[in-house]
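Below: one structure, written as structure tokens.
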Amino acid sequence: MSATPSIRIGVDVGGTFTDFLVVHEDGTRLVHKTSSIPSDPSTAVVKGLTEIAERRGETLTGLLAQVHTIVHGTTVTTNALLTRTGAKTGLLTTEGFRDVLQMRDGTREDAYDNRLTPRRSCPGRCAAVGGRLDHEGTEVTPLATDDVRAAAELFRREGVEAVAVSFMHSHAGDEHERQAADILAAELPGVYLTRSSELLPQVRYYDRTSTAVLNSYAGPIITRYLRVLTEALDAAGFTGILLLMQSNGGVATPDELARRAALSLLSGPASGPTAGLLEVAPHGWDRCLTVDMGGTSFDAAVVNDGRPLVMTDGQIDRGRIALPMVDIHTIGAGGGSIAYVDEGGLLRVGPESAGAVPGPACYGRGGTRATVTDADVVLGYVDPASFLGGDIPLDREASIEAIRRDVAEPLGISVEEAAAGIYDVVNVGMAAGVREITVRRGLDARDFPIVVAGGAGPVHAAAIARELEIPVLVTPRESSIFCAAGMLVCDFQHDFVQSHKAELAALDTGELLGIWHDMAMRGRKILAEEGVADTEVTLQPSLDMRYRGQWYEINVPLDPSSLDGVDLADVAERFHAMHDTLFGYRSPDMPIDVLNIRLSVVGTTPKPRLDSAVVPTGDGTGRIGTRPIWSVLHRTMVEAAVYDGHGLGVGAHLEGPAIIELGTSSVVVPDEFAVEVDDRGSFVLRYRPAAS
């Protein structure tokens with residue numbers, strides 16, 4: 001046993017499986033998956049660690065004694081929000097704005113859907129109190145402290161677990177929110193509190209209020225989860241570092257994430273873009289699309305100019321969250337997505353999922369409805385005997401029966417044609433998801449290689465690339481646990497924002513530098529508490545800007561050198577160029593307004609080796625036989641070569657149609673595709689359509 005802990009473990013809790021990547025100091029890796037336990041995700045984490053220890057021939061305590069860091073992404077708060085099982089939350093607002101969550105920002109949620117019912121808001125109770133600041137933060141009416149105490153009594157009677165405090169114009173002056181929070185803390189000891197002015201001090205009252213409410217709604221959930229998880233790890237002898245993935249693409253300590261709970265929403269897939277850049281960088285690319293298809297969902301994200309694209313106007317369950325988050329487009333398309341024929345006789349796939357329990361029909365766990373995984377089995381893409389290394393043998397006959405009953409007979413077609421239809425429909429839906437995230441950014445998907453992730457991703461990625469005319473795909477060997485791997489290479493990151501409305505040309509650069517300096521000081525303090533040396537801190541400034549009169553602003557990243565001196569002409573040109581990319585035009589004569597000042601404070605974490613040389617475990621050719629698979633090109637079953645991916649070393653080359661088995665996934669190489677193993681051991685597929 002190593003005297004100094006040297007193992008790092010990435011853990012990603014998904015809807016169907018919980019993924020693990022164990023990395024030693026020398027780059028040796030171990031991949032493991034275990035079934036998720038939705039009722040208590042922390043149990044699946046400990047269960048998976050125990051199974052890893054058993055695979056290594058040691059006890060859980062013995063394994064954890066060698067572990068330096070565990071980085072964990074969780075869906076516990078996302079699931080709580082989607083299922084409306086979060087904490088009972090109270091909202092304290094300014095008098096006259098009690099219905100802010102219902103009124104939103106005064107616009108329709110969907111301008112073209114006049115039948116869309118309003119979203120039911122999260123708070124169990126809302127109370128409004130007297131007191132008012134103007135838009136510059138100057139007190140107009142003192143805070144009615146008696147109203148705050150009356151609200152506290154109301155919340156107590158209602159059994160509220162968390163409270164969000166959000167007052168008008170508190171981004172410009174937070175004194176009223178501080179007073180109210182102090183009273184609530186004294187009157188309601190133990191209740192989770194969020195001050196909007198502390199969490200998100202920026203303009204737009206609805207955005208700020210909604211974000212604060214989501215933070216309080218998720219706060220007690222993530223706090224309880226982290227307490228249970230840390231207690232379980234402590235009991236097993238873990239003395240290393242536990243870090244949590246944030247939705248902004250960085251990591252944080254449990255204490256910091258519990259305080260800013262909204263950043264745990266969508267934390268699982270947020271590491272994917274960082275890992276994607278790591279895969280394509282050796283090929284000279286600083287851009288890529290990452291697609292992650294798991295058991296219940298499909299996530300797509302974009303990396304451009306060396307960094308993941310970030311949004312500050314996200315939606316989760318139709319609720320606005322304005323904290324910086326990696327821009328991930330998610331649709332209900334996964335291996336467990338259920339296929340059916342609707343009343344109009346059309347084939348539909350998802351968003352309803354069979355999940356982990358009962359799962360697809362082929363799992364033999366009680367599921368009887370046809371799913372995408374069942375279609376993959378029928379089409380020969382997934383080998384029933386080797387699924388997850390043989391740990392979960394699949395029942396092909398159950399897949400055939402489910403597809404026959406649910407799809408083939410209602411449509412009057414064969415089982416193979418029905419399975420192919422399921423495959424095509426889900427692929428077209430995922431391709432549309434990729435278009436959504438690229439087109440609205442003014443980007444052409446064909447300019448980006450795809451990095452493929454998820455257990456089901458490599459089975460479907462080539463079909464998605466064909467649909468989008470994308471010529472290159474990169475499938476890592478650990479694609480099935482890709483986000484778990486990405487977590488191990490993510491840095492600490494804390495984002496700060498301060499509203500500051502001014503015309504860019506007249507911006508007081510001294511005041512701007514002072515605001516950035518204050519943000520940097522606060523960020524360095526947090527990172528120091530997280531154990532990051534000051535020499536490992538980097539700063540990324542940006543500004544939210546818009547042409548005068550526009551409704552929405554865009555975030556423009558600036559060079560870090562701007563922190564020493566701002567070139568306003570350069571800032572203006574960056575804005576014009578980004579506006580042209582997004583909207584197809586620029587207006588250089590229009591005044592530019594600055595709305596928000598932002599700073600990302602990043603603390604570099606030690607990185608494990610994820611690029612160790614790949615040595616074939618077989619004879620170097622990797623071919624283990626053939627089997628029939630569905631050809632999308634020829635619309636029939638064809639014989640395809642089958643390869644053991646672990647027997648294919650660096651430089652190996654093969655042509656489709658073929659299947660590469662990896663134990664935890666299968667790489668489908670269709671007709672018109674060729675694949676080569678790169679220096680990282682990843683499978684690089686290239687699309688070469690035949691001339692028509």
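Sequence positions, counted from 1, serve as the residue numbers for this chain. These values consider heavy atoms only, across backbone and side chains, with no hydrogens, waters or symmetry-generated copies.
Of all the heavy atoms in Ala419 and Ala375, the pair that sits closest is O-CB, 3.6 Å. Here the shortest heavy-atom pairing between Pro410 and Val341 reads CB-CG2, 3.9 Å. Across Leu277 and Cys288, no two heavy atoms sit closer than the pair N-SG, 4.0 Å. Of all non-hydrogen atoms in Gln493 and Asn248, the two that sit nearest each other are O-ND2, 3.5 Å. Closest heavy-atom contact between Ala418 and Ile403: CB-CG2, 3.6 Å. Of all non-hydrogen atoms in Ala361 and Asp374, the two that sit nearest each other are N-OD2, 3.2 Å.
Annotation: the span from Ile450 atom CD1 to Leu289 atom CG amounts to 6.0 Å, rounded to 0.5 Å. One finds the OG atom of Ser480 at 9.5 Å from the CG atom of Leu21 (value rounded to the nearest 0.5 Å). In this structure, CG in Leu582 is found 10.5 Å from CZ in Arg440, a value given to the nearest 0.5 Å. For the atom pair CG of Leu242 and CD1 of Ile9, the computed distance is 11.0 Å after rounding to the nearest 0.5 Å. Once rounded to the nearest 0.5 Å, the distance linking CZ of Arg259 with OG1 of Thr253 reads 9.5 Å. If you take CG on Asp12 and NE2 on His72, they are separated by 9.0 Å, rounding to the nearest 0.5 Å.
Side-chain contact between Cys490 and Met245: present, with at least one pair of heavy atoms (C-beta onward) separated by less than 4.5 Å. Here the side chains of Leu323 and Asp495 are not in contact, with every heavy-atom distance at 4.5 Å or above. Inter-residue side-chain proximity for His329 and Phe298 is flagged as unmet; no heavy-atom pair is nearer than 4.5 Å. Within the 4.5 Å cutoff, no side-chain heavy atoms of Asp424 are placed close to those of Leu347. In this structure the side chain of Thr274 never reaches within 4.5 angstrom of the side chain of Leu278, judged on heavy atoms. Counting heavy atoms from C-beta outward, Met293 and Ile464 have side chains that stay 4.5 Å or more apart. No side-chain heavy atom of Pro476 sits under 4.5 Å from any side-chain heavy atom of Arg680. In this structure, Asp444 and Thr438 have side chains that are not in contact, with every pair of non-hydrogen atoms separated by 4.5 Å or more.
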Practice task
Apply side chain to side chain contact (heavy atoms under 4.5 Å, CB included) to the pair Thr211 and Leu199, showing each step before the final yes or no.
Solution key: CA-CA 8 Å; Thr211 304; Leu199 180 70; 3.9 Å; yes
Practice task
I would like to know whether Leu257 and Gln246 meet side chain to side chain contact (heavy atoms under 4.5 Å, CB included); could you show each step before the answer?
Solution key: CA-CA 8 Å; Leu257 195 66; Gln246 302 179 99; 3.8 Å; yes
Exercise for the section: Please test Ile222 against Thr74 for side chain to side chain contact (heavy atoms under 4.5 Å, CB included), starting from the C-alpha separation and ending with a verdict. Expected result: CA-CA 9 Å; Ile222 191 66; Thr74 176; 4.1 Å; yes
Exercise for the section: Take Leu443 and Asn304 through the test side chain to side chain contact (heavy atoms under 4.5 Å, CB included) and record every step on the way to the result. Expected result: CA-CA 10 Å; Leu443 304 172; Asn304 196 25; 3.9 Å; yes
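For the pair Arg29 (side chain) and Glu478 (backbone), a donor-acceptor distance under 3.5 Å is absent. For the pair Arg369 (side chain) and Asp406 (backbone), a donor-acceptor distance under 3.5 Å is absent. No donor-acceptor pair under 3.5 Å is formed between the side chain of Glu416 and the backbone N or O of Trp630. A donor-acceptor pair is defined here as one N or O able to donate and one able to accept, closer than 3.5 Å; no such pair exists between the side chain of Thr290 and the backbone of Val451. Remark: side-chain polar atoms of Asp491 are paired, donor with acceptor, to backbone N or O of Thr605 under 3.5 angstrom. Asn427 contributes no side-chain N or O that, together with a main-chain N or O of Ala463, makes up a donor-acceptor pair within less than 3.5 Å. Looking at Tyr192, its side chain does come within 3.5 Å of a backbone N or O of Ala258 through a donor-acceptor pair. The closest donor-acceptor contact from the side chain of Asp299 to the backbone of Pro269 lies at 3.5 Å or more, if one exists at all. Between the side chain of Ser210 and the main chain of Tyr206, no donor-acceptor pair closer than 3.5 Å is present. Proximity of a side-chain donor or acceptor of Lys47 to a complementary backbone N or O of Ile37 within less than 3.5 Å is not detected.
Below 30°, between 30° and 60°, or above 60°: for Phe673 and Tyr687 the angle between ring planes is below 30°, a parallel geometry.
Of the residues Ile660, Val452, Val668, the one that meets the side-chain contact (heavy atoms from CB on, under 4.5 Å) test with Thr475 is Val452. Just one of Ile221, Val13, Leu81 meets the side-chain contact (heavy atoms from CB on, under 4.5 Å) condition when paired with Val76; it is Ile221.
Between the side chains of Asp376 and Thr373, no donor N or O sits under 3.5 Å from an acceptor N or O. Remark: the Ser665 side chain and the Ser479 side chain contain no N/O donor-acceptor pair separated by less than 3.5 Å.
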